[in-house]
Amino acid sequence: MDKESQLTRLGLFDARVPRYTSYPTAPHFGNDVSPALFTRWIETIPAGSAISLYLHVPFCRRLCWFCACRTQGTSSDEPVLAYVQTLKAEIALLKAHLPKGVHLSRLHWGGGTPTLLKPDMIRDLAATVFDAVPMGEGAEFSVEIDPDEVDAARLDALAAAGMNRASIGVQDFDPEIQATIGRIQPYDLTKRVADMIRDRDVRSLNADILYGLPHQTQARIADSVQKLLTLSPDRVALYGYAHVPWMSRRQQLIPSDAIPTPQERLKLFETAAQLFDWDGYESIGIDHFARPDDGLAVAARTGGLRRNFQGYTDDRADVLVGLGASSISRFPQGYAQNASGTSDYTKSVRAGHFTTHRGHVFSGEDKLRGRIIEALMCDFHVSRAELLRDFATDDAALSAMFAAAKAQFGEMVRVDADGLSIPVPARPLTRMVARTFDAYDHSKAQHSAAI
């Protein structure tokens with residue numbers, strides 16, 4: 001039986017599986033995490049330790065049709081300025097409850113479009129962040145940049161604030177595809193912005209590109225990847241477009257009959273991946289590629305690769321604090337998510353308290369199963385010895401879990417004394433294999449694409 005037939009038999013082209021940027025996944029969050037509990041979790045961060053911080057800016061000048069993120073359009077700066085003031089108030093709340101000496105390992109500004117902030121807003125917000133939580137040695141400050149919504153003054157402000165990694169969303173360079181997904185972004189514009197970023201000595205450049213877009217063919221994605229490679233990104237995320245018009249109303253503007261089939265999606269991914277491989281990039285997990293000297297590639301080689309809400313990371317901090325509407329925080333105790341709507345978020349912060357409205361407190365086998373899923377997603381291997389060392393489990397329980405995966409996937413997984421591994425030909429099934437270790441109701445998370 002050939003590879004595609006095996007993948008078909010195992011349901012790859014029919015399944016909808018979570019991306020597992022957390023465990024449990026966000027659809028399983030409940031109401032058991034309150035602002036008071038979130039505050040206690042902040043206060044129990046060890047003094048002098050490193051944390052990560054994510055700031056969410058939900059505003060966009062244009063609402064791209066393909067995007068399913070929590071964003072809102074604005075044609076003026078007034079709501080943005082008001083939102084930044086609320087963010088600053090939330091940062092002040094965080095500062096008031098943080099133990100002494102806590103510093104940043106990673107700072108990421110995402111959205112939405114963080115680069116629609118004016119230079120004075122950028123400087124003001126960055127100063128507020130660093131007054132509350134200073135950057136630690138070797139810390140990384142990354143920002144998502146929209147080439148159509150940035151200029152020299154804003155890049156100057158970001159570079160002066162310490163931005164040392166920039167991330168550009170490309171999606172695809174084909175004009176027909178761009179028009180179909182509501183994202184017009186010519187190559188020349190993207191190249192000019194990438195050059196401006198490099199000219200400011202920003203040490204690292206990330207790029208995102210999508211496969212599975214309407215009208216996308218192997219020839220078209222090959223052309224887009226080759227154009228992307230001329231920008232010499234240090235790190236690339238090759239994400240699969242998830243067409244979920246029942247969840248994201250703007251995706252209803254995209255013709256469903258122009259979407260590639262699951263079998264075509266796999267070929268699109270393999271075409272792009274081969275081009276990255278030929279250009280010297282190392283494959284990272286299921287959908288990232290990096291230059292050999294990039295921190296992500298080093299982490300993948302040395303066992304330090306991790307998974308979080310931004311995808312793959314080399315960040316080892318135990319705590320990720322999310323600020324802004326809908327942001328999610330991760331603690332050793334569980335997850336906490338802010339109010340999603342900007343009005344509810346603003347009202348709570350102005351009342352003087354955090355806006356946590358849902359989350360999850362770890363219990364039972366959550367941490368064990370979460371680590372198994374993360375190890376599969378990062379390394380395609382689960383170490384039996386590591387799990388026995390770090391978790392309250394035994395060999396019989398692990399063997400039963402591994403046997404269940406083996407029973408479902410047969411030769412597509414390998415189980416031995418060392419643990420469980422996914423061989424190279426079976427790696428398109430990684431998320432499905434990971435799902436066998438998910439103890440929660442899969443039907444609540446059936447919104448992600450199969451591959």
Just list the side-chain donor-acceptor pairs under 3.5 Å for residues 413-426, sequence neighbours left out, or say none.
{"unit_1": "Asp416", "atom_1": "OD1", "unit_2": "Asp418", "atom_2": "N", "d": "2.9"}
{"unit_1": "Asp416", "atom_1": "OD1", "unit_2": "Gly419", "atom_2": "N", "d": "3.2"}
{"unit_1": "Ser421", "atom_1": "OG", "unit_2": "His381", "atom_2": "ND1", "d": "2.7"}

Quiz item: Considering only heavy atoms from C-beta outward, does the side chain of Leu37 approach that of Gln333 to under 4.5 Å?
Solution: no

Self-check item: Modelled atom types, side-chain donor and acceptor of Glu90 and Tyr345, under 3.5 Å
Solution: yes

Self-check item: Pair Ser142, Gln310: side-chain N/O donor-acceptor within cut-off below 3.5 Å
Solution: no

Quiz item: Where the side chain of Ser52 meets the backbone of Ser105, is there a donor-acceptor pair that is under 3.5 Å apart?
Solution: no

Quiz item: Would you call the rings of Tyr440 and Tyr23 parallel, tilted or perpendicular, where under 30° means parallel and over 60° means perpendicular?
Solution: perpendicular

Practice problem: Please name all residues satisfying salt bridge (Lys or Arg N to Asp or Glu O under 4.0 Å) with Asp294, sequence neighbours left out, ordered by chain then number. | Solution: Arg165, Arg235

Self-check item: salt bridge (charged side-chain N to carboxylate O under 4.0 Å, His left out): pairs with one or both residues in residues 45-58, sequence neighbours excluded
Solution: none

Quiz prompt | Pair Asp172, Ser224: side-chain N/O donor-acceptor within cut-off below 3.5 Å | solution = yes

Quiz item: Within 45 degrees of the axis of the six-membered ring of Phe380 and under 6.0 Å from its centre: does Arg427 put its NZ or CZ there?
Solution: yes

Quiz prompt | Short N-O contact, Arg19 and Asp287, less than 4.0 angstrom | solution = no

Quiz prompt | Residue pairs fulfilling ring-ring contact (aromatic ring centres under 6.0 Å, His included) with at least one residue in residues 296-341, sequence neighbours excluded | solution = Phe29-Tyr335, Phe38-Phe331, Trp41-Phe331, His288-Tyr312, Phe309-Tyr335, Tyr335-Phe362

Exercise. Can you run down the salt bridge (charged side-chain N to carboxylate O under 4.0 Å, His left out) pairs that involve residues 296-308, sequence neighbours left out, and say none if there aren't any?
Key: Glu282-Arg301

Quiz item: Thinking salt bridges, do Arg62 and Glu149 make one under a 4.0 Å N-O criterion?
Solution: no

Exercise. Sorted by first residue and then second, give each salt bridge (charged side-chain N to carboxylate O under 4.0 Å, His left out) pair with at least one member in residues 331-357; sequence neighbours left out.
Key: none

Quiz item: Pick one: which of Thr313, Asn308, Asp314 meets side chain to side chain donor-acceptor pair (under 3.5 Å) with Arg106?
Solution: Asp314

Self-check item: Set of salt bridge (Lys or Arg N to Asp or Glu O under 4.0 Å) partners for Lys88, sequence neighbours left out
Solution: Asp124

Quiz prompt | Residues in salt bridge (Lys or Arg N to Asp or Glu O under 4.0 Å) contact with Arg250, at least two apart in sequence or another chain | solution = none

Quiz item: Any side-chain heavy-atom pair from Ile181 and Cys64 closer than 4.5 angstrom?
Solution: no

Self-check item: Qualifying salt bridge (charged side-chain N to carboxylate O under 4.0 Å, His left out) pairs with a residue from residues 24-49, counting only residues at least two apart or across chains
Solution: none

Exercise. Could you tell me which residues satisfy side chain to side chain contact (heavy atoms under 4.5 Å, CB included) with Asp395, sequence neighbours excluded, listed by chain and number?
Key: Arg384, Leu388, Ser399

Quiz prompt | Partners meeting salt bridge (Lys or Arg N to Asp or Glu O under 4.0 Å) with Asp379 (sequence neighbours left out) | solution = none

Exercise. Look at the rings of Phe141 and Phe130 and say which category their plane angle falls in: under 30° parallel, 30 to 60° tilted, over 60° perpendicular.
Key: perpendicular

Practice problem: Not counting sequence neighbours, which residues clear side chain to side chain contact (heavy atoms under 4.5 Å, CB included) with Ala139? List them please. | Solution: Met135

